[in-house]
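Letters A, B, ... mirror the listed sequences (proteins, then strands); counts begin at 1.
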Amino acid sequence: MPARAAAAYLQTPMDVTPGTYDFSAFERRWQERWQAEGAFRAEPATCGKPKYYVLDMFPYPSGAGLHIGHPEGYTASDILARYKKAKGFNVLHPMGWDAFGLPAEQHAIATGEHPAVQTRRNIDNFRRQLRMLGFAIDWDREFSTTDEAYFRWTQWIFLQLLKHGLAYVSEKPVWFCPALGTVLANEEVLNTPEGPRSERGNHPVERRPIRQWVLRITAYADKLIEGLDALDWPDSTKRLQKNWIGKSEGAEVTFKLDGHADALTVFTTRPDTLHGATYMVIAPEHPLIGRLTTAAQKSAVESYVAAVRNKSDLERTDLADKKKTGVFTGAYAINPVNGARIPVWTADYVLMSYGTGAIMAVPAHDGRDWEFARQFGLSMRQVVGAPEGFDVTKEAWTGDGPLVNSPGLEGLPVEEAKRKITAQLSVNGQGRAAVNYKLRDWLFSRQRYWGEPFPVLWVSREDYAKIPADSKLREFLPADPVTCMLEGKESCAVPLPATKLPLTLPEVSSYQPSPTGDSPLSKATEWVDVWVDLVTGETASRSAARPGDRWAAASRETNTMPQWAGSCWYYLRYIDPKNRDGIASKEALTYWGSPDFYIGGAEHAVLHLLYARFWHRFLHDIGVLPEPEPFRRLFHQGLILGEDGEKMSKSRGNVVNPDTIVKEHGADALRMYLMFLGPLEASKPWSSEGITGVSRFLKRLWRLAVDEPTGGPSARLASDAPESEDFVRELHRTIRKVGEDVETLQFNTAISQMMILMNAAEKSPGVSRASLEAFVRIAAPFAPHLCEEIWARLGHAGGITAAGWPPFDPAKLVESTVEVVFQVNGKVRGTGKMAKESSKEDLLAACRAHPDVRKFTDGKPVVKEIVVPGKLVNIVVAG
RNA sequence: GCUCAGGUGGUGGAAUGGCAGACACGCUGGAUUCAGGUUCCAGUGCCCAUAAAGCGUAAGGGUUCAAGUCCCUUCCUGAGCACCA
């Protein structure tokens, strides 16, 4: 802490205004003091303390302001941060803004105001609201993803990906959302009963071929699955990521086509059933469909393909209607293992986007093929033995069993048969082992204004070839050029050198995207069309004459990066936010590593968390980062529902505004109530009545410590009245339990325990100053303003967090006598106070002698007697 | 359809296989207060006049001296995936 700020703090006369608990009198003052003192500034790596890095998923600063769900997660992380700091850790608890994105741009389209202006205003409001809640945030490290000093490094990371061959341009059909005027990643498209919709806004989306930047996340598919094992994450989230990546192991098998030069390759996870393949199906979009189809079937196939294309998405994804459709192409394929001539069909249950877009159908052992075969009367051949009584003519057998009707595999179990046949196919050149993923490469460009520009120039192939060996432009040049067709000309991507970063956004007259999928940036021709010096990478306006021989005509990339780009690595920037030479210094990265704890909503289980892991692993692989995984421990807070138990929404009118609650009950009460509602991970309804419970607790804590008529320490503390044994034991139990519960994020039970302690304190004849001070320090992470205020009124000059976590004395927990439960046949009939170390015999004797026990045992033969020392006795009688 | 997580008083929720309902809200009664969205005291799972007894953690079955907790079946709710070969 700077000396001057500390002095000012000490000199501030302590306000000892008399009166009842009035949060409005001091919450604001403490917030200002923490800020002025830099009370929660993380210390440098050289401080010698162990580090603890607590991270919240940073918010998108929307115009609506803070939602009640934000403070839920932020309070949880704040309690942990304050607790760890009191325990002596050097804590990093930062906050920033994920501020690129669609809402700001839509606002800009509607009003003409630059998105940066609205973004700044929203950030100011969010910061005000977060400060109002008293979070122990190191505000010196705050930044926004829209800051040029930040996205300079986002662009740098992209260039590294480009350099290492992990970025390319594709013109395959992609999801395009006409309402949003942009393409979307697979992950951003939801399957709804109404068909595929945009995750944001629920607008219809459609497939269109548009030129796109794509990141090769599939190259990391295996690493992203394997890395999950070591992570302390919710199982559900791990499972979600695993399913999303969707790894399947199997084989590719090539079928020759009867009377054709072409062959059809399929992917199957069940090569063992190859002898049972009785027909094939190709997707209606399959490139070979036109050549396969016989003249006789041409019109039928064409009309089917057209029908599928025109089928509404609703119809095509409607699984309630299990009926399968399809048409025979007239072609026949040859089963490579038995030479059988099998028909080739086309049907929309086969997807062009998975595997090879073609399948071998084994109706006896696949439910979908079975349905299709039954529908169209196709033949079936059982090759895996099913249990007694199972009839493959009634249902497909998908389980294990000995192979049958399969020469060379007879009797083998499924797994062995798979291995054997795959090896055979491979030897015969008819197939090979193969792995398939559901994961697609990550569509990384958007036709929007408000995002990071790609630091890339497009030049002609001829000019690309002229880039000299010592050119600055080679800094990020990939080994294989990234090319695409631009206005009918083959163009090559040239990455800007690092010295030219950040590439900033140009001013534009309109933010309106074009319905054809052109970015608003494409209209900024001054910015887009430049001359580039092929040696230095300098650029100059193309409206001027060509500056010299070394200069080539170039066009800037006009797409921008998706919102995920900025959130992929922000947690690394907090470590060293002002660094101008890299994303962070080596020393800082070594000390802080990656977050020790990460909390945020489960809605990011696949998108953000998968993308960030991909980037982190990549940066680790190229030696930038010391650790392979970004988030060792992850937690999802549950939703706060409206009082009606429904999701909060404006239309339902059940939204709870944090500003209102703070005004009425104070920040401490809001924080504490959010934590008291129930388990952190559970979705739970808000209750405006329920908050009075924690309000009362805070008032009682105030009265326990503060003498209301004078405002100084309470008279109770000064009295000589002894503390009850019960209170002292409860105090130590509370120190232990709250510490444990904070580590495991069970804040609701931690607060219950503090309430129990309060009840004991009020029953105790006296409360010592030392005990009270311990109590206040335990409560401080939960209700920091009140506890800080009490701490000061007790005469302490330093902050309460600096006072540390109170020591816990196990000896104080030991009870000399325990209440032992006496049972007869497992039912409680009485209890007895017994010495803790009582022998089994003594316990049994006491139980037998208990009058209420005797009522149930007298005159009955004892069958069994169970004694659990220190706990219970159970006498089992007959009759 | 598949996968996962759940189902405990009027409500939110506690319970290393060992007294179900901690803690809190609400409610009932009482005290304090000019007043109260104040404070304090007592009570509050069901059945019952009361006590004792009995019943009780979605339903049914099982394991165990003992089950909210472990196992099986069924029902319901929520979340995710959705023709992934």
Legend entry - All ring-ring contact (aromatic ring centres under 6.0 Å, His included) counterparts of Trp233(A), not counting sequence neighbours: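 Result, ring-ring contact (aromatic ring centres under 6.0 Å, His included) vs Trp233(A): none returned.
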
Hey, can you pull the donor-acceptor pairs under 3.5 Å for the side chains in residues 431-438 of chain A, sequence neighbours left out?
{"residue": "Arg432(A)", "atom": "NH2", "partner": "Glu252(A)", "partner atom": "OE1", "Å": "3.2"}
{"residue": "Tyr437(A)", "atom": "OH", "partner": "Asp222(A)", "partner atom": "OD1", "Å": "2.9"}
{"residue": "Tyr437(A)", "atom": "OH", "partner": "Asp222(A)", "partner atom": "OD2", "Å": "2.8"}

Would you say [X] reaches [N]'s phosphate, i.e. side-chain N/O to OP1/OP2 under 4.0 Å?
X: Asn243(A); N: U3(B); result: no
X: Lys238(A); N: G80(B); result: no
X: Arg700(A); N: C23(B); result: no
X: Ser248(A); N: A85(B); result: yes
X: Arg239(A); N: C2(B); result: no

Now, which nucleotide makes the Watson-Crick or G-U wobble pair with [N], with each of the two distances under 3.5 Å?
N: A5(B); answer: U77(B)
N: G45(B); answer: C55(B)
N: C70(B); answer: G62(B)

Inset, instruction - Quote, to the nearest angstrom, the C1' distance that separates U64(B) from U3(B). - result: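 So the two C1' atoms sit 32 Å from each other.
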
Inset, instruction - Identify whether any heavy atom of Arg829(A) sits under 4.0 Å from a base atom; if not, whether one sits that close to sugar-phosphate; answer base, sugar-phosphate or nothing. - result: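 The answer is sugar-phosphate, as Arg829(A) gets under 4.0 Å only of primed atoms, P, OP1 or OP2.
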
Legend entry - Test ring-ring contact (aromatic ring centres under 6.0 Å, His included) applied to Phe372(A) and Tyr349(A), step by step: CA-CA 9 Å; Phe372(A) 191 80; Tyr349(A) 83 91; 5.2 Å; yes

Inset, instruction - Using a cut-off of strictly less than 4.0 Å between a heavy atom of the residue and any atom of RNA chain B, enumerate the qualifying residues of residues 749-762 of chain A by number. - result: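 Listed by number, they are Thr749(A), Ser752(A), Met755(A), Ile756(A), Asn759(A).
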
